[in-house]
Amino acid sequence: MWIADKWKDYEVIDCSSGEKLERWGHYVLLRPDPQVIWNTPKTDRLWKQLNAHYHRSTKGGGEWEFFDLPDQWAVRYGALTFHLKPFSFKHTGLFPEQAVNWDWITDKIKNAGYPVKVLNLFAYTGGATLAAAKAGAEVTHVDASKGMVTWAKENAAASGLADAPVRWLTDDCMKFTEREIRRGRTYDAVIMDPPSYGRGPKGEIWKIEDAIFPLIQACTRILSRKPLFFLINSYTTGLQPAVLAYMLGTAMKKYGGITDAQEIGLPVSSTGLILPCGASGRWEAD
């Protein structure tokens, strides 16, 4: 398992009864987590000193209950700053477990020995984009949500990257990739964080089981002659690490290289356990 264990502004304090107790900077949040199917004594005093609690509904979705939480606040990871705010379906605008991939991306770009062009698809609020840009890469950031792209720009400005070479695009990821193929543009690295289900800016339907491998194949057609890396993240239960590895290994076979896939996770302070948080597949040049 790849573990995001270098955070200072975030921690999973404890987990029990379908929920995780987290510290985001100065604030303590309690949110549902489907992986937490065990019950343990809630001995930490912070279980009763919450700033906000997301209650899941038995009918689907849920709602926030706020005690003392600002509309927006910030956390830092190394040189990167992220603006957070509670919004739909328990999210805060950041997946902290992805920090383990930000570190990997940073290392790959800094040690490449040449200028690196990165394509980040389903780029959300820009965690991977910021990590790549901070490491010195030229980045194309693509997401179907205009609001997420705006949020990512705000994070870039907060991180001192307002003038970094980043293209910010609101677009359907498959359609954008197909246009890049026709334009003859190439990238040295691809990052994608596809949802299980979603819609593009014009209502295009995305179902990961049907669309993920064709998109991976399309992305191989816009890679440079000697690509640096290909990273896929997944929170879809059916896509186990081995499936990510098989897809990447198959699509990238002609480039040689090394393919690996693992669960990603976060350490739990109170128990020393690792909370599973999805999976990532990585291909890298050898």
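Just so you know, these numbers come straight off a predicted model, no measurement behind them. Reckoned from all heavy atoms, side chains included, excluding hydrogens, waters and symmetry mates. We number each residue from 1, following the sequence as shown.
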Practice task
May I ask you to check whether Y27 and W73 place their ring centres under 6.0 Å from each other?
Solution key: yes
Handout entry: N233 CG to L244 CG distance, which is reported to the nearest 0.5 Å
Key = 8.5 Å
Handout entry: Shortest non-hydrogen contact between D188 and P115, atoms and distance
Key = OD2-O, 3.6 Å
Practice task
Measure the spacing between CG of L30 and NZ of K20 and express it to the nearest 0.5 Å.
Solution key: 10.5 Å
Problem - Side-chain donor or acceptor of D9 paired with backbone N/O of R76 under 3.5 Å - result: yes
Exercise for the section: Go through the steps for Y77 and L94 under the test side chain to side chain contact (heavy atoms under 4.5 Å, CB included), then give the verdict. Expected result: CA-CA 11 Å; Y77 185 79; L94 190 67; over 6 Å; no
Problem - More than 12 heavy atoms from other groups under 6.0 Å of CG on D210 - result: yes
Practice task
Please tell me if the side chains of E263 and P276 come closer than 4.5 Å, counting only heavy atoms from C-beta onward.
Solution key: yes
Handout entry: Transitive ILVMFWY side-chain link I191 to V142, under 4.5 Å
Key = no
Practice task
Indicate the atoms forming the closest heavy-atom contact of P86 with L69, along with that distance.
Solution key: CG-CD2, 3.9 Å
Handout entry: Student check: side-chain heavy atoms of I3 and V100 closer than 4.5 Å
Key = no
Problem - Least distance between heavy atoms, A132 atom then V118 atom - result: CB-CG2, 4.4 Å
Practice task
Establish whether L266 and I274 are linked, either directly or via other cluster members, by ILVMFWY side-chain heavy-atom contacts under 4.5 Å.
Solution key: no
Practice task
Compute the centroid of each ring, for Y124 and then for F95, and state whether the two points are separated by less than 6.0 Å.
Solution key: yes
Problem - Nearest-0.5 Å distance that lies between atom CD in E178 and atom SG in C173 - result: 11.5 Å
Handout entry: Pairwise side-chain contact, I222 with T186, heavy-atom cut-off 4.5 Å (strictly under)
Key = no
Handout entry: Over all atoms of both residues, closest heavy-atom pair of E22 and I13
Key = C-CD1, 4.0 Å
Exercise for the section: Side-chain contact test, heavy atoms from C-beta onward, threshold under 4.5 Å: evaluate it for W151 versus S145 and give yes or no. Expected result: no
Fill in the blank from the handout: Taken to the nearest 0.5 Å, the spacing of I212 CD1 from M174 CE works out to 10.0 Å
Practice task
Take atom OH of Y54 as the centre, draw a 6.0 Å sphere, and report whether it contains more than 12 heavy atoms from other residues, nucleotides or ligands.
Solution key: yes
Handout entry: Result of checking D260, T259, N101 against R282 for side chain to side chain donor-acceptor pair (under 3.5 Å)
Key = N101
Exercise for the section: Mind listing the closest non-hydrogen atom pair of A4 and P267 along with its distance? Expected result: O-CD, 3.4 Å
Problem - Pair W64 + F89: ring centers closer than 6.0 Å - result: no
Practice task
Please confirm whether the backbone N or O of S270 pairs with a side-chain atom of D14, one donor and one acceptor, at under 3.5 Å?
Solution key: no
Problem - Common cluster, F87/L84, ILVMFWY with side-chain heavy-atom separation under 4.5 Å - result: no
In residues 152-170, what donor-acceptor pairs under 3.5 Å come from side-chain atoms, sequence neighbours left out?
{"residue": "N155", "atom": "OD1", "partner": "H83", "partner atom": "N", "Å": "2.7"}
{"residue": "N155", "atom": "ND2", "partner": "T125", "partner atom": "O", "Å": "3.0"}
{"residue": "S159", "atom": "OG", "partner": "T81", "partner atom": "N", "Å": "2.7"}
{"residue": "S159", "atom": "OG", "partner": "T81", "partner atom": "O", "Å": "3.1"}
{"residue": "S159", "atom": "OG", "partner": "N155", "partner atom": "O", "Å": "2.9"}
{"residue": "R167", "atom": "NE", "partner": "T140", "partner atom": "OG1", "Å": "3.3"}
{"residue": "R167", "atom": "NH2", "partner": "T140", "partner atom": "OG1", "Å": "3.2"}
{"residue": "R167", "atom": "NH2", "partner": "E180", "partner atom": "OE2", "Å": "3.4"}
{"residue": "R167", "atom": "NH2", "partner": "Y187", "partner atom": "OH", "Å": "2.9"}

Fill in the blank from the handout: Between the CG atom in L29 and the CZ atom in F66, the distance rounded to the nearest 0.5 Å is 8.5 Å
Handout entry: Greater than 12 external heavy atoms within 6.0 Å of Q217's CD
Key = yes
Handout entry: Sub-4.5 Å side-chain heavy-atom contact between L215 and L121
Key = yes
Exercise for the section: Please check if any side-chain donor atom of N120 sits under 3.5 Å from a side-chain acceptor atom of T129, or the reverse. Expected result: yes
Problem - Distance (rounded to the nearest 0.5 Å) between S224 OG and Y114 OH - result: 6.0 Å
Practice task
Let me see the working for S17 and V36 under side chain to side chain contact (heavy atoms under 4.5 Å, CB included), right down to the final yes or no.
Solution key: CA-CA 6 Å; S17 306; V36 183; over 6 Å; no
Problem - Whether over 12 other heavy atoms sit under 6.0 Å from R225 CZ - result: no
Practice task
Dump the intermediate steps for salt bridge (Lys or Arg N to Asp or Glu O under 4.0 Å) on E284 and K108, then the final yes or no.
Solution key: CA-CA 9 Å; E284 59 186 297; K108 290 296 165 190; 2.2 Å; yes
Practice task
Please confirm whether the backbone N or O of R185 pairs with a side-chain atom of R183, one donor and one acceptor, at under 3.5 Å?
Solution key: no
Problem - Exam field: side chain D172 to backbone K175, donor-acceptor pair closer than 3.5 Å - result: yes
Problem - Ring centre gap for F82 and W102 strictly below 6.0 Å - result: yes
Problem - same_hphob_cluster(V28, F67) at 4.5 Å side-chain heavy-atom cutoff - result: yes
Problem - R31 and E19 ion-paired at < 4.0 Å - result: no
Practice task
Classify the ring geometry between Y10 and W7 as parallel (under 30°), tilted (30 to 60°) or perpendicular (over 60°).
Solution key: perpendicular
Problem - Joint hydrophobic cluster, L223 plus F122, side-chain heavy atoms closer than 4.5 Å - result: yes
Practice task
Indicate yes or no for a side-chain donor-acceptor contact from N111 to the backbone of D107 under 3.5 Å, with no hydrogens or angles considered.
Solution key: yes
Exercise for the section: Please examine the side chains of L21 and V12, heavy atoms only from C-beta on, and report whether any two atoms are closer than 4.5 Å. Expected result: no
Problem - A79 to K134 - nearest heavy-atom pair and separation - result: CB-CE, 3.6 Å
Exercise for the section: List the steps and the verdict of side chain to side chain contact (heavy atoms under 4.5 Å, CB included) for V190 and L231. Expected result: CA-CA 6 Å; V190 174; L231 169 66; over 6 Å; no
Exercise for the section: Could you please spell out the steps behind the side chain to side chain contact (heavy atoms under 4.5 Å, CB included) verdict for Y235 and E97? Expected result: CA-CA 11 Å; Y235 293 92; E97 61 273 14; 2.7 Å; yes
